[in-house]
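This report refers to the structure that appears directly beneath it.
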Amino acid sequence: MHVSRSALLVALGAALPAAAQDAGTLDLGTLVLEAESDATLDQNGYVALSGRQATKLDTPIRDIPQAISTVTQDQVEDQVPRTLLETLAYTAGSSVGNFAFDTRYDAIYLRGFPAYYTGLFRDGLRQVNGPSAWYRNEPYTFEGASVLKGPASSLYGVSGPGGIVNIVSKRPKDEPFRELKFTTGTDDRAELAFDFTGPLDEAGRLTYRLTGLVRDADTPLDGYSDDKTLIAPALTYELTDRTSITFLGEYSESTVGGTASYYNPSYGEASEIYNGDPDYNDFDQTQYRIGYEIEHELTDAVTLRQNLRYSEVDADLEYSGYYDSGASLARYWGHYLEDIEVFTVDTLAEAEFTTGAIDHTLVGGVDYSWSDYDAYSTTGYVSAEATDAVDVPYSGGQETEQVGIYLHDQMTTGPWTVFLSGRYDWVDMTSRDAARDGTDTSDEAFSGRIGASYQVSTDLSVFGNVSTSFSPNVGVVYDDVTSDDSRPAEPTRALQKEIGIKYQLPGSESLITASLFDIAQEDGVVFDTSTGVNKQRQLDLRSRGFELEGNVNFGNGLSAMGSYTYVDMEIEKGAADTDGNTLSATPYHTASVWGFYEPQAGALEGFGFGAGLRYIGESWGDDTNTFKNDAYLFTDLAMSYDFGEVGYDGLELQVNAKNVFDETGQTCSAGNCYRYEGRTATASIRYRF
């Protein structure tokens, strides 16, 4: 690993005695996570109460003047998602099916914009992905996942227009908790998982958590596996009553398929012919991360924090496909290698003070990130064996350094909460070509946010915000695709305007959010093939829409959630014949509803019943808007039984079925078409002790 001197100065010179968040407690009777008020994510059932996702400090979500969605740990346990995409499938504003079935990557779109390169965060630090060396996020290691809607560069730096996804890792707890879980299911699925946590000393100052799994599974695609071995240790040490540190780590080895696509015999059509060669179809990946979170209460009014992480991904991708040779279909094979290293550190100070009638919580800090990837690629047309025998040549790489300073003032007076955030970023990139010659580019920009929330009553708040995003781009662009005159790409920028309401049903634990948004993106980089040569251009997009989302714990054993999203994703300045069109694979309407009910008395006590519907509306299959993708409705079911009702405390059986009616239709993006997976089912036996 190479880390520059500036990185070490930021990491070491700003190193603070500090501590990770209080771990919170786990009530083993109800198995509900009850996090303390200063936890990274305070949640109960299906409702998130507060978190650090929008402010880097603990704030009630109801008071944040921006739309936020949270998938809680209870929802993850009830729905049993296999990927981050499935975790967010019921979340308003998120689109997870643009490429139908593809477990290789967490290709998430937020409010119509891709978020997979600039919008994925883990524990508040950006998770930088390479072109193919993407971090794989295992839902069993989550305490929850929060989605901050719209631009977030004012606090988080380089990020996209649609928002960010922040995954909260499982952390040590004060009370002992142990879980063993075995899962089987369709496609010869076999998985053993475990989760242990609790104190290591009598005083309770040293606590641990150890999470892991071993999985061997196939998928409906021939030669496309879903195998993984993972271990995720965590340790919290309270040095004093004011200072503690949490170490977070993970190591995993996984293998999925190298190809998830089907042969497209004509424009806008996916055939039944799977592109993958079952004898050359492994996507092997090794990844690890290690880091810490330190927190120190300097005084009753001032808290210092530092989060740091180093991570690495090594990817080895074997893929294949068909092409039309004129007389018949012919095959090609490819071998792609990539490794990426990422170092990130965020150091901040939080201070509370009062000026007149206004209470302030001020956060100021500096963060630094460094990433470097190298890629190697070859393609063969003779055989898989011949392709595999090639010494894969270097194809390119990129080193990126980013430093940002930020300031956020959170002001409250009476029923008002006002956010003012500002940040300045400097980004330096060196892009290497196949000859390892480097091209240096530098960008810098200011990002801001102003938002206000007004508490109309104890149950109702209204809010509004204006926020911006900033993301540098790699390479050159062509203003006129018919010529060879190029220029360095400008950074992509975006501006969001949003208004909405947040409402709590009287007498219930709930949160309902409705919002109207308008996001204008300038200089987004897209590819233009109108002249027969694939060239990058900088174009403008605009996303306007409405979101409605609700999460409720009814208190009678029923938890439920629902969402509706309307998005109009307009190409304001696009490739040839696309101006004014709707961006492909972006449905105007999506909706979902899910509920899980556990009877509290009677003959069904001990059982749990879950059901959900996911609706994906019609969308255009290409940017020229010449054909449409059909609308689809997916049904998911779940059932559980707690054997504690018959004397076997801690033992539970759960069955989940996804896409119950076996929908395997196609969806297309930019004219390329993909197919959905079809019906799957799992059965798990879990023992908690």
- Assign the ring pair W416 / Y454 to parallel, tilted or perpendicular, where the plane angle (0 to 90°) is split at 30° and 60°. tilted
The salt bridge (charged side-chain N to carboxylate O under 4.0 Å, His left out) partners of E598 (sequence neighbours excluded) come to none
| Checking salt bridge (Lys or Arg N to Asp or Glu O under 4.0 Å) for the pair R171/D123: CA distance, chi angles, key distance, verdict? | CA-CA 11 Å; R171 296 150 195 274; D123 301 316; 2.6 Å; yes
For S515, the side chain to side chain contact (heavy atoms under 4.5 Å, CB included) test, sequence neighbours excluded, returns A67, R111, F463, E498, E547
Sequence neighbours excluded, the answer for side-chain hydrogen bond (donor to acceptor under 3.5 Å, both in side chains) partners of T354 is D359
Taken in chain and number order and not counting sequence neighbours, the residues that satisfy ring-ring contact (aromatic ring centres under 6.0 Å, His included) with Y135 are none
| said: Quick check: Y156 with F121 (ring centres under 6.0 Å apart)? | reply: yes
- Item | F194 ring center within less than 6.0 Å of F196 ring center | yes
By side-chain hydrogen bond (donor to acceptor under 3.5 Å, both in side chains), T413 pairs with (sequence neighbours left out) none
Sequence neighbours excluded, the answer for ring-ring contact (aromatic ring centres under 6.0 Å, His included) partners of Y109 is Y116
Would you say the ring centers of H408 and F419 fall short of 6.0 Å from each other? yes
What one should report as the nearest heavy-atom pair of L148 and I68 is CD1-CG1, 3.8 Å
* **Check: Y597 ring centroid to F609 ring centroid under 6.0 Å** => no
Could you walk me through whether E143 and K170 pass the salt bridge (Lys or Arg N to Asp or Glu O under 4.0 Å) check? CA-CA 5 Å; E143 276 194 359; K170 286 183 175 178; over 6 Å; no
Closest non-hydrogen contact found for D367 with L155 is OD2-O, 4.3 Å
Applying side chain to side chain contact (heavy atoms under 4.5 Å, CB included) to T344 and not counting sequence neighbours gives L125, R309, V342, S369
Sequence neighbours excluded, the answer for salt bridge (charged side-chain N to carboxylate O under 4.0 Å, His left out) partners of D106 is none
Residues at least two apart in sequence or cross-chain that pass side chain to side chain contact (heavy atoms under 4.5 Å, CB included) with T680, listed by chain then number, are R82, T186, D187, K658, E677
Discussion item. Using ring centroids (six-membered ring only for Trp), state whether Y564 and Y566 fall under 6.0 Å.
Written reply: no
The salt bridge (charged side-chain N to carboxylate O under 4.0 Å, His left out) partners of R215 (sequence neighbours excluded) come to E138, E191, D226
With sequence neighbours left out, the residues meeting side chain to side chain contact (heavy atoms under 4.5 Å, CB included) with L420 are M411, I450
Residues passing the salt bridge (charged side-chain N to carboxylate O under 4.0 Å, His left out) test with E509, sequence neighbours excluded, are none
